[in-house]
Amino acid sequence: MDKFSMKKTFVVYQSEIHSYRLPIWLSFSKKFNLKLFLKNKNLKFLTKEQKLKIIKSKIVHSSGFMNKNILLEIFFNRIDYFWLSIDTKKTLEFIFLQILKFSGTKIIVHSQGLHNIKKHNLFSAKLKYVLHFIWILLANRVIIYSSLKNGPYKINFFQDKIKVVRNRDAYLEQYLDEFLINKSKEKKISLKDKKNILVLGRVRDSLFANFLKEVSISLKKNEIPLKINLVGDINLEQKKLLNSKNLKCFGPIRDPKIIFEIAKDCSIGFHPSDTGLSATSYQMLGLIPVFHSSFCNHGPEPLDSYKDVKCFTFAKNNVDEAVESIKNAYLYYKENRITQKKVFVGKYAQELIENLP
């Protein structure tokens with residue numbers, strides 16, 4: 001018998017919900033009695049279509065961490081699963097959550113696996129080690145989003161409860177899975193010479209903007225026939241700085257169909273600064289990833305992409321090296337004609353469900 005044959009209650013706490021995770025929770029809502037507690041019902045990262053879906057599903061509840069809504073849920077309703085991300089500032093509240101175990105609740109935490117612990121000073125690294133050790137010890141299951149394990153995540157005693165589920169954009173994955181069913185489309189698109197570069201990511205600051213501007217100028221100066229398409233949150237001042245003949249700013253786009261249409265004319269996925277999820281998205285879109293080589297500053301995703309596919313790297317903040325890597329990536333694309341293919345065997349949501357305790 002399926003261990004989920006009777007609908008169990010699954011409570012999730014997170015401060016906000018992003019469009020790339022929504023398909024996960026909508027899938028979970030079909031399997032479980034799902035209650036998604038968000039800080040102030042934060043839906044600003046969702047598309048209009050997604051907002052309608054989640055409102056219709058009636059799974060979202062407004063809450064701060066350990067406020068009365070969650071406390072009422074804990075004390076007056078049976079909870080089979082409680083899911084939250086590791087936040088070392090909330091360690092005392094997490095220890096309080098252990099009372100749930102007396103009623104049979106399984107506590108699941110997710111984490112980036114301390115992939116960047118080496119960039120912290122000795123005291124900070126030791127403190128993080130101890131706090132993450134406590135979370136891993138007390139949780140029933142730990143989901144990490146990268147194969148790279150550091151600190152307490154490498155301890156043999158914990159390996160049975162730690163499961164790796166590669167992080168990716170579930171919204172994009174859902175759309176690409178439907179698209180790749182039609183192989184004739186894939187073949188037709190692969191014949192094009194794609195002379196664009198896709199940059200996915202929020203323009204965080206002037207350093208990001210200025211570096212990207214310098215790269216676009218250098219590409220033109222070196223007669224490399226590639227134009228940059230930037231998709232991500234950007235303010236008006238930065239947009240005025242960046243928009244040019246060979247650098248187009250599309251602004252924030254979360255609809256995977258539109259991202260896919262832009263990516264169809266791209267051969268390279270480039271990121272000028274620290275990145276994470278974008279690296280996996282480039283891989284899923286059949287683009288050749290180009291990012292800086294200071295992996296401890298990235299999220300955990302670029303290193304897994306680096307292991308999986310041909311990637312090109314450059315020294316952080318070095319425009320000349322970035323342009324050279326882009327040029328080499330384009331030559332590699334022309335020789336190999338990279339096309340889109342299914343990167344992950346199973347659906348994101350299904351992988352998570354299969355790894356529940």
Side-chain angles (χ1 to χ4, degrees), residues 20 110-120 143-151 153-154 162-170 172-173 176 194 196-202 204 208 211-212 215 224 226 228-232 259 263 266-346 348 351:
Y20 76 90
H110 62 103
S111 163
Q112 294 190 342
L114 281 180
H115 71 286
N116 61 355
I117 195 171
K118 292 178 182 177
K119 79 173 186 179
H120 296 282
I143 303 289
I144 61 171
Y145 295 132
S146 168
S147 59
L148 179 65
K149 298 176 182 177
N150 274 323
Y153 294 89
K154 296 196 293 187
I162 296 175
K163 301 297 179 183
V164 177
V165 179
R166 288 274 304 276
N167 195 23
R168 66 260 201 190
D169 186 329
L172 182 63
E173 177 185 59
L176 290 178
K194 305 172 184 178
N196 286 338
I197 300 165
L198 180 63
V199 177
L200 287 176
R202 174 170 55 90
R204 300 186 190 94
F208 182 116
F211 187 81
L212 192 58
V215 168
I224 299 170
L226 299 172
I228 298 173
N229 289 331
L230 172 63
V231 175
I259 292 173
C266 299
S267 54
I268 295 164
F270 173 66
H271 204 285
S273 186
D274 304 338
T275 187
L277 195 65
S278 296
T280 313
S281 294
Y282 295 152
Q283 194 179 342
M284 292 165 65
L285 287 164
L287 307 180
I288 301 169
V290 178
F291 39 72
H292 72 68
S293 55
S294 300
F295 285 103
C296 64
N297 292 316
H298 288 304
E301 296 87 355
L303 189 56
D304 276 326
S305 293
Y306 189 77
K307 292 175 183 176
D308 275 358
V309 294
K310 181 70 174 176
C311 297
F312 291 81
T313 60
F314 57 92
K316 189 174 182 179
N317 299 325
N318 188 314
V319 173
D320 292 337
E321 280 198 24
V323 170
E324 185 66 20
S325 289
I326 288 170
K327 177 184 173 183
N328 291 335
Y330 180 61
L331 292 174
Y332 179 80
Y333 155 75
K334 290 187 76 174
E335 290 174 5
N336 295 275
R337 293 291 170 168
I338 308 300
T339 60
Q340 279 160 311
K341 60 183 181 180
K342 192 168 175 62
V343 176
F344 303 101
V345 176
Y348 198 168
E351 276 192 60

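Note that the coordinates shown come from a computational prediction; the quantities given were computed from them, not determined experimentally.
- The aromatic ring centroids of Phe314 and Phe270 lie less than 6.0 Å from each other.
- Contact between Asn229 and Cys266 at its shortest, heavy atoms only, is ND2-SG, 3.9 Å.
- Looking at every heavy atom in both residues, Gly201 comes nearest to Leu230 through O-CD1, 4.1 Å.
- Here the side chains of Ser305 and Tyr282 are not in contact, with every heavy-atom distance at 4.5 Å or above.
- Among all heavy-atom pairs drawn from Met284 and Leu172, the shortest one is CE-C, 4.2 Å.
- In this structure a side-chain-to-backbone donor-acceptor pair under 3.5 Å is missing from Ser294 to Cys296.
- Put simply, OG on Ser146 and CG on Leu303 are 6.0 Å apart, with the number rounded to the nearest 0.5 Å.
- Using a distance-only test at 3.5 Å, with no hydrogens or angles considered, no donor-acceptor pair links the side chain of Asp169 to the main chain of Ser281.
- In this structure the side chain of Pro300 never reaches within 4.5 angstrom of the side chain of Asn167, judged on heavy atoms.
- With values rounded to the nearest 0.5 angstrom, Leu331 atom CG is found 8.5 Å from Phe312 atom CZ.
- Closest heavy-atom contact between Ala279 and Pro302: CB-CA, 3.7 Å.
- Atom CD1 of Ile259 and atom CG of Leu200 lie 6.0 Å apart (nearest 0.5 Å).
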Could you check Ile144 against Lys149 for side-chain contact (heavy atoms from CB on, under 4.5 Å), going step by step and ending with a plain yes or no?
CA-CA 9 Å; Ile144 61 171; Lys149 298 176 182 177; 3.7 Å; yes

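- Nearest heavy-atom pair across Ile228 and Val199 is CG2-CG2, 3.7 Å.
- Side-chain contact between Leu226 and Asn196: absent, with no pair of heavy atoms (C-beta onward) separated by less than 4.5 Å.
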Tell me, with the steps shown, if Ile268 and Tyr330 meet side-chain contact (heavy atoms from CB on, under 4.5 Å).
CA-CA 7 Å; Ile268 295 164; Tyr330 180 61; 3.9 Å; yes

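- By the side chain to side chain donor-acceptor pair (under 3.5 Å) test, Thr313 pairs with no residue at all, sequence neighbours left out.
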From CA spacing to verdict: side chain to side chain donor-acceptor pair (under 3.5 Å), Asp304, Tyr145:
CA-CA 10 Å; Asp304 276 326; Tyr145 295 132; over 6 Å; no

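- Glu173 contributes a side-chain N or O that, together with a main-chain N or O of Tyr348, makes up a donor-acceptor pair within less than 3.5 Å.
- Under the salt bridge (charged side-chain N to carboxylate O under 4.0 Å, His left out) criterion, the residue pairs touching residues 306-329 are Arg166-Asp308, Asp274-Lys316, with sequence neighbours excluded.
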Verify side-chain contact (heavy atoms from CB on, under 4.5 Å) between Ser273 and Phe211, making sure each step is shown before the conclusion.
CA-CA 9 Å; Ser273 186; Phe211 187 81; over 6 Å; no

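- The side-chain tip of Arg168 does not point at the ring of Tyr20 from less than 6.0 angstrom away and within 45° of straight on.
- Side-chain atoms of Glu301 and Thr280 include no donor-acceptor pair closer than 3.5 Å.
- In this structure, OH in Tyr332 is found 12.5 Å from OG in Ser267, a value given to the nearest 0.5 Å.
- Across Thr275 and Ser278, no two heavy atoms sit closer than the pair OG1-CB, 3.3 Å.
- If you take OG on Ser325 and CD1 on Ile288, they are separated by 12.0 Å, rounding to the nearest 0.5 Å.
- For an aromatic pair to be called close, the ring centres must be under 6.0 Å apart, and His292 with His271 fails this.
- Between Tyr306 and Phe295, the distance separating the two ring centers is shorter than 6.0 angstrom.
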